[in-house]
Amino acid sequence: MAEALLTLDIVAPFLNEAESAAAFAGLLDKLEATVADRFGMAVHKILVDDGSKDDSVARFSQALSGSWEIVRLSRNFGKEVAVLAGLDQSRGDTVLIMDSDLQHSMDVSIQLIAELVADPSLDVAYAQNDRRGASWRRSQSAKLFYSLINSSQRFDIPENAGDFRVMRRAVVRAVTSLRDKRRFNKGLFAWAGFRQKAVPYSPAERVGGTSKWSQLNLLAFSLEGFTSFSVIPLRIISICGLLAALAGALYGIKVFFEVVFYGIAVPGYPSLMVAVVFFGGFNLTLLGLIGEYVWVTLSESKDRPVYIVRDVVHGADAGNDTSPRVNADR
Ligand code: UDP
Ligand code: MG
């Protein structure tokens, strides 16, 4: 029987979310009251400012109540890293990660916590986007992405599951021990293992500000997923290369026989051009792909910290401990 859960830390990264600040602080208040009421857990809020250029920090500081802190990173490090900074700072026996743009609802958060409280053998409850309303092309490319990335490993990255999740301390310890610099959280959560359960949900519309994801960003992020977790693209290209070489050899044999035994003059230029251009392009693509993997290796091999904390702003009720725990002993 697991011990009773007493404290919940809420980790929420933000980048230029001034428009959502007041409403999100309101949501946190309601969430805190419900969590105290239903589960008897004390809530501490850890917001991470991922290099905001607007007055988000001032707005959040004004709007937040209860026990809270804002970890200010020295610049924008990306959401994946901001989540890690929040997790590093957390000490609660459970941690909820959610977005601060109100797309992750209070109801689903409560549902996730309830799953964990109800089942002592469960370590993680994660929200899984049911992708209602997503275009056919989007959902098919997501399917392809997950089937490719999951085709060569011992753990499966679940489809459409992001950072929105509740975890026990042991899982947080495991995830924060993974110090990948180029982080692909979905993959890291899956790699860590533990007993995980999906709860389906539909994210709400954004109320203010804009999504920080463009199509191009999304593509780059998918590539990040592959280079961090899968060797499949390299294998596919190796196999293509092998097949091309085989086809070339067969064609060579055919030409040899035609010339030697039938005396046919082989028409050269067009087929030569096709082959040169095709394999030139093919080689460059392969080189680029290998370059991606080399780049990841290079970034990981430099002994830089994953992020830098500028300072930590504490709420009045957060006690006297003002030292950032982040980066300590690392
Ligand atoms: N975010 C962040 N750093 C970034 C980009 C986004 O901390 O570099 C935050 C953002 O403020 C929001 C959450 O991460 O709270 C999710 O970002 P967004 O809404 O842009 O992503 P989407 O919901 O469209 O997937
Ligand atoms: Mg969002």
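Note that ligands are numbered from 1 as they come in the structure, with each ligand's atoms numbered from 1 the same way.
Closest to atom 16 (C) of ligand 1, if we only count protein heavy atoms, is D99 OD2, 3.2 Å. From the protein, the heavy atom lying nearest to atom 24 (O) of ligand 1 is S211 OG, 2.6 Å. Nearest non-hydrogen protein atom to atom 18 (P) of ligand 1 is R206 NH2, 3.6 Å. Nearest to atom 22 (P) of ligand 1 among the protein's heavy atoms is W213 CD1, 3.6 Å. Counting protein heavy atoms only, atom 6 (C) of ligand 1 is closest to K212 CD, 3.9 Å. Closest to atom 23 (O) of ligand 1, if we only count protein heavy atoms, is Q103 OE1, 2.8 Å.
A donor-acceptor contact shorter than 3.5 Å links the side chain of S100 to the backbone of P13. Side-chain atoms of N16 come within 3.5 Å of backbone atoms of K53 as a donor-acceptor pair (strictly under, hydrogens ignored). Side-chain atoms of D93 never come within 3.5 Å of backbone atoms of R169 as a donor-acceptor pair (strictly under, hydrogens ignored). Checked by atom type and distance alone, the side chain of R183 never pairs as donor or acceptor with a backbone atom of A82 at under 3.5 Å. Between the side chain of D9 and the main chain of V95, no donor-acceptor pair closer than 3.5 Å is present. A distance-only check finds no donor-acceptor pair linking the side chain of E300 to the backbone of D180 [under 3.5 Å].
Close approach to F14 involves these atoms of ligand 1, each under 4.0 Å from a residue heavy atom: 7 (O), 11 (O). Near E17, meaning under 4.0 Å from any of its heavy atoms, are these atoms of ligand 1: 10 (C), 11 (O), 12 (C), 15 (O). Atoms of ligand 1 found under 4.0 Å from any heavy atom of N76, numbered from 1 in the order shown, are 3 (N), 4 (C), 8 (O).
Among P203, S52, S20, P13, the residue whose heavy atom sits closest to atom 7 (O) of ligand 1 is P13. Of the candidates D163, D50, N217, the one placing a heavy atom closest to atom 2 (C) of ligand 1 is D50.
Paired with H44 under the rule side-chain hydrogen bond (donor to acceptor under 3.5 Å, both in side chains), one option of E69, R91, Q89 passes, and it is E69.
Both the sub-6.0 Å distance and the 45° axial angle are satisfied by R165 relative to the ring of F189.
Ionic pairing of D99 and K79 is present here: one or more N-O contacts between side-chain nitrogen and carboxylate oxygen are shorter than 4.0 angstrom.
Around the Mg ion (ligand 2), the angle linking Q103 (OE1) with D101 (OD2) is 100°, rounded to 10 degrees.
At least one N or O atom of L15 sits closer than 3.5 Å to an N or O atom of ligand 1.
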